[in-house]
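Just passing along the structure, written as structure tokens.
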Amino acid sequence: MSDDRLVIAGREFKSRLWVGTGKYKDFVETKKAIEASGADVVTVAVRRVNITDRSKENLLDYLDPKKYTILPNTAGCYTVEDAVRYARLGRAAGVSDLVKLEVIGDEKTLFPDTAGLIEAAKILIKEGFIVLPYTNDDPIVAKKLVDIGCPAVMPLAAPIGSGLGIRNPYNLKIILETVKVPIIVDAGVGTASDAALAMELGADAVLMNTAIAGAKDPIMMAEAMKYAVDAGRLAFKAGRIPRKLYATASSPIEGML
Amino acid sequence: MRIQVNGESREAKAGTTVADLLCELDIKSDRVAVEVNLEILDKGVFAQRSLQEGDRVEVISFIGGGAKRLQQSVFR
């Protein structure tokens with residue numbers, strides 16, 4: 001697996017499992033789970049510093065930016081204006097032009113507002129950002145995002161935090177055939193088989209948070225996800241057998257009594 | 001003079017720079033972004049930029065968050 005690298009906008013990534021950093025019990029658990037996942041890209045949110053309680057530790061005390069690619073997101077942004085502002089702040093606080101762009105359309109589903117997403121992506125790309133857009137499992141929108149200059153597309157498997165797994169494998173397949181940039185399945189994964197399925201379909205990577213952080217044992221689940229992503233990737237590259245309705249014997253008939 | 005920092009009003013000495021404010025708040029400047037009246041400052045100007053009466057300052061950093069639900073915009 002070591003020579004099977006993911007490359008986005010000239011950057012090379014070792015791991016095809018990317019993880020979020022939210023919802024953990026504490027920073028120690030966050031660090032241990034991320035280590036167990038083998039991920040080298042971690043997403044972070046952009047928020048106000050707590051100025052009244054400075055005893056609070058910083059996430060980056062636990063995640064060495066030299067070891068991980070810190071990917072700021074615009075989670076919680078419902079307008080183009082907010083998303084662009086958070087992306088700019090994330091770039092100013094961090095070290096790179098990478099941003100996971102989210103423009104959320106609705107509080108209940110947290111589905112992306114794809115019209116707003118395209119608009120915000122255009123603005124940020126013009127400012128030199130490397131925009132990784134969180135989008136619907138919509139092949140047309142995926143193509144539009146690539147056409148305006150996104151070097152990867154991140155379609156959802158299911159609503160954020162829902163754990164429903166890949167709700168529309170056929171759309172995902174069409175996206176994979178339609179656009180020629182890396183596809184990172186983002187959000188909605190519930191367990192290891194969901195991640196394996198995404199990779200077997202041909203996704204280039206999977207991004208998840210809740211499936212790991214919300215598991216009874218997040219560290220063990222992080223390890224499970226690592227194996228799932230690797231297994232799914234290998235199975236995709238190996239090429240599965242076609243599905244058939246009837247049996248084909250595995251053992252030869254010759255030599256039978 | 002009165003300034004607003006992350007939505008809270010506080011007193012600051014005239015001539016306080018952004019770097020002074022961060023120092024006073026015990027915040028390491030390398031891991032934050034600072035916005036003054038909606039303008040994002042380059043880290044290089046923290047020591048030169050003096051704050052004015054009524055300035056609205058936002059000090060922003062990274063927190064745990066990923067493919068999950070977070071609270072609504074903190075700036076509202």
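Here is the naming used below: chain letters follow the sequence lines, and residue numbers restart at 1 for every chain.
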Please, which pairs that meet salt bridge (Lys or Arg N to Asp or Glu O under 4.0 Å) have at least one residue in residues 124-133 of chain A, sequence neighbours excluded?
->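 Of all non-adjacent pairs touching residues 124-133 of chain A, those that pass salt bridge (Lys or Arg N to Asp or Glu O under 4.0 Å) are Arg88(A)-Glu127(A).
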Steps toward salt bridge (charged side-chain N to carboxylate O under 4.0 Å, His left out) verdict (Lys13(B), Asp20(B)) | CA-CA 10 Å; Lys13(B) 271 185 257 160; Asp20(B) 295 337; over 6 Å; no
Residue-level interface, residues 38-52 of chain B with chain A, non-hydrogen cut-off under 4.5 Å | Leu38(B), Ile40(B), Lys43(B)
For chain A, the option from Val59(B), Val5(B), Asn6(B) that forms the most heavy-atom pairs under 4.5 Å | Asn6(B)
Taking atom types as modelled, is there a side-chain donor on Asp55(B) or Asn37(B) under 3.5 Å from an acceptor on the other?
-> yes
Who pairs with Ala213(A) by side-chain contact (heavy atoms from CB on, under 4.5 Å), at least two apart in sequence or on another chain?
->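 side-chain contact (heavy atoms from CB on, under 4.5 Å) list for Ala213(A), sorted by chain: Lys23(A), Tyr24(A), Asn209(A).
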Would you check if there is a donor-acceptor pair between the side chains of Thr191(A) and Asp194(A) at a distance under 3.5 Å?
-> no
Evaluate the criterion side chain to side chain contact (heavy atoms under 4.5 Å, CB included) for residue pair Met225(A) and Ser37(A); output intermediate values, then yes/no.
-> CA-CA 7 Å; Met225(A) 291 300 185; Ser37(A) 78; 5.9 Å; no
Residues which pass salt bridge (Lys or Arg N to Asp or Glu O under 4.0 Å) with Glu8(B), listed by chain and number, not counting sequence neighbours =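 Glu8(B): no salt bridge (Lys or Arg N to Asp or Glu O under 4.0 Å) contacts found.
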Contacting region of Ile70(A) [heavy-atom separation from chain B under 4.5 Å] |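 Side chain only.
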